Amino acid sequence: MKNDEVAAVLYDISRLLELEGEEAYRIRAYRKASQSVESLEGDIDEYYKEGRLRDIPGIGTSIGGVIEELLRTGRSNLLEALKKETPLELYEVIEVPGIGRKTALKVHRALGVTTIGEFRDAARSHRIRRIKGLGDKAEKKILDAIERHRKSLGETRVPIIRATAVASEILGYFKDCEGLLRVDVAGSLRRHVPMVGDIDIVAATDDPQEVVDCFCNMPITRIVKDKGEHHAEITTRYRMDAKLRIVSREDFGLRLALDTGSKAHLSELEKRAAARGDRLSREGFYNAGGEKVKFPEEDGFYRALGLEYVPPDLRENRGEVDAAAKGTLPDLITVEDMRGDLHVHTEWSDGANSIQDMAMAARAKGYEYIAICDHSKSLHVANGLSIERLRDQMVEIDRLNDTLENFTIFKGSEVDIMPDGSLDLPDDVLEDLDIVVGSVHTQLRQDPDVVTRRVLNALENEHLTILAHPTSRILGRREPTAVDIDRVIEAAKENRKVLEVNAYPDRLDLSDEHVKKAMDAGVMVSIDTDAHGIAELDYISFGVHNARRGWATKSRVLNTLSTGALLEYIDRY
DNA sequence: GGCACCGCTGCCGTTTTTTCAGGAAAAAA
């Protein structure tokens, strides 16, 4: 039995335990063990033979026993016993967001339906509303949930942070290949698209076969899907695919540009080449005389088209080709421009570290300041601070500031914007804070005009500094609220408020398109991590790249200002 | 069920509000 088969069994056990309402920690233990086996380097059978199963993290006596049984007999008594109790297909139903375990079981027992398709049919034929404890609204909710889920199933993209981690692991192995001259990541990951499908890699070598073999034999490689003289495609042990394309050193720049895309950007470049009498295609670049031209570097390729170099973040056909022709590309914000983080959490609410830890980590990053913005009282799940605790925190921050040189901790709050648009803290508290970051965390399904009015109310509050994650989207998991972003940007401009570009990799909110709108409208943004621990301060690069995709420049990003200039700005508006 | 750290145990995410239905599930960071 192979690693992924063992992992699959452990996962199935965890699903069945969950369906049966088993203790959460036992479910989690099987799930964790499954992931551990799945991402294991080396063969699980070897571990077994060497008696080292328990060396694998998350595997102890009990799960070790299940694995041993699997490897010896190819089956698991536990799994089979569980399957007798509950059909495994039912788990697919509770994986649909919006349908829980008890509802699924209730419907299953009342109607004998098991699969998602059967649940949908039962809802459509109005059989669910007749079950005691459910009604027409519950029935509609189930139907809507299934239809939303169906759409999301085709979605195989993952958040950029995962793709980045897999890519860097690949490059970690791959860069040491013999004969490798150059290598770079291309594709949507290089453009910093928030959700990434697969990883494209371009390499230059004089010995393609050697490098292709090396790629296919990386420890991270699980399946070789395709292998040719100058290309290969693999599935990694993290289930993400990676594609390699090999060229000569002289062709590296052009290939990198062609494989970076986007399609729409390349199509603009092709038009431009044609207009100049050249020809650009997926195969290469041919000048007016029909000769193939080589470009070892990308910038030479752009120059040949009469263009300024276009940073990968901008290659989405949003006007960048015209701007590059006119020499009016924006001077994009960089990570090095950032002087502080204006939205971080500490252990006072739901963060992992102390105020001092966060401040020290921020200073170590070269920042001048940080704003502690723990949650406000209404957000119970995040251990929001009561007014009294917030007052205590302010005292603590004053005390810490007295000990710090060349670094400032700002007193802040991530204050909830209540469903009616009021803020979760009274004016006399708000006015004692340096930074007030307002967020919508609850009632995310309000109607467009209601939620828009709610956010506009907050923007009209004189104490609010920054509107955090303005649409509250979670990539791949939660749709944005119905807020009218154009009116939000308009109101931010009128009231001199700052809009956040939340750098949390599954938020990235404002989105790149919204950043562009904010830039066009002349609104300031603040790129903040929303870090809940010191490691997450590094999320800043995701935020900066997202802002770059929206054409953000340094002068329009609040937290590129020095401490003095920032205070002056806040004071003035 | 795993694990860390001692003594056979306790910790591992938690708490309140909303929603649909009349108690219970889901959602929020």
Side-chain angles (χ1 to χ4, degrees), chain A residues 10-11 13-14 16-18 20-37 53-67 78 82 93-107 128-145 148-149 343-352 373-386 413-419 424 437 439-446 468-469 472-474 477-479 481 502 504-507 509 529-533 536 539:
Chain A
L10 295 177
Y11 206 79
I13 291 173
S14 82
L16 288 163
L17 290 172
E18 187 178 344
E20 301 205 343
E22 179 59 73
E23 195 201 352
Y25 291 115
R26 192 171 170 221
I27 300 167
R28 207 177 302 153
Y30 275 92
R31 203 147 297 182
K32 193 166 166 272
S34 168
Q35 279 159 4
S36 197
V37 171
L53 279 179
R54 279 162 193 71
D55 292 352
I56 302 168
I59 292 173
T61 327
S62 189
I63 297 183
V66 172
I67 296 176
L78 174 60
L82 288 166
V93 177
I94 70 169
E95 271 187 324
V96 177
I99 307 179
R101 182 185 141 254
K102 298 210 173 168
T103 306
L105 279 173
K106 194 186 276 183
V107 176
I128 288 180
R129 63 178 61 181
R130 292 202 291 266
I131 301 170
K132 184 172 156 51
L134 300 172
D136 55 343
K137 291 202 174 158
E139 184 177 82
K140 185 173 186 309
K141 215 177 134 197
I142 288 170
L143 193 54
D144 291 348
R148 236 178 300 120
H149 183 66
H343 180 177
V344 308
H345 295 269
T346 73
E347 60 194 4
W348 285 66
S349 65
D350 60 345
C373 296
D374 278 311
H375 291 285
S376 61
K377 59 180 163 51
S378 291
L379 204 64
H380 304 280
V381 70
N383 189 25
L385 273 61
S386 66
S413 172
E414 182 180 12
V415 56
D416 258 61
I417 299 172
M418 307 308 281
D424 190 27
V437 173
S439 298
V440 169
H441 285 131
T442 54
Q443 295 271 68
L444 302 179
R445 294 198 186 176
Q446 286 176 322
H469 45 75
S472 300
R473 73 169 180 180
I474 305 285
R477 277 199 293 136
R478 187 169 74 206
E479 291 298 308
T481 62
N502 190 292
Y504 226 78
D506 60 358
R507 284 195 185 266
D509 180 14
T529 59
D530 204 348
H532 285 65
E536 292 180 357
Y539 287 174

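Proteins get letters first, then strands, A, B, ... in listed order; numbering begins at 1 in each. Only this structure's heavy atoms are used, side chains among them; waters, hydrogens and symmetry mates stay out. Since the structure is predicted, the reported quantities are computational estimates derived from the model, not experimental observations.
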message: Of the options B:dA29, B:dA21, B:dG1, whose atoms approach the side-chain atoms of A:Ile63 most closely?
response: B:dG1
- prompt: Between A:His532 and A:Tyr504, what is the ring plane arrangement, given parallel below 30°, perpendicular above 60°, and tilted in between?
  reply: perpendicular
query: If you check the A:His441 side chain, which of B:dA21, B:dA28, B:dT19 turns out closest?
result: B:dA28
task: Give a yes/no answer on whether the side chain of A:Arg477 brings an N or O atom under 4.0 Å of OP1 or OP2 in B:dA28.
output: no
- request: Give a yes or no answer on whether the side chain of A:Glu414 reaches the backbone of A:Val437 with a donor-acceptor pair at less than 3.5 Å.
  value: no
message: Suppose you measure atom C1' in B:dA21 against the same atom in B:dT15; what distance do you get, rounded to whole Å?
response: 22 Å
task: Classify the nucleic acid contact of A:Ser62 as base, sugar-phosphate or nothing, counting any heavy atom under 4.0 Å across all strands shown.
output: sugar-phosphate
message: For A:Asp416 and A:Ser378, which I'm curious about, is there any donor-acceptor pair between the side chains at under 3.5 Å?
response: no
- prompt: Between B:dC20 and B:dA28, how far is it from one P atom to the other, in whole Å?
  reply: 14 Å
task: Identify whether any heavy atom of A:Leu78 sits under 4.0 Å from a base atom; if not, whether one sits that close to sugar-phosphate; answer base, sugar-phosphate or nothing.
output: nothing
message: Using a 3.5 Å distance criterion without hydrogens, assess whether the side chain of A:Arg473 forms a donor-acceptor pair with backbone atoms of A:Asp509.
response: no
- request: Could you please name the option among B:dA29, B:dC12, B:dA28 that lies closest to any side-chain atom of A:Arg507?
  value: B:dA29
query: Contact class for A:Gly384 vs. all strands (heavy atom < 4.0 Å): base, sugar-phosphate, or nothing?
result: nothing
message: Taking only the C1' atom of each, what is the distance from B:dG23 to B:dT17 in whole angstrom?
response: 15 Å
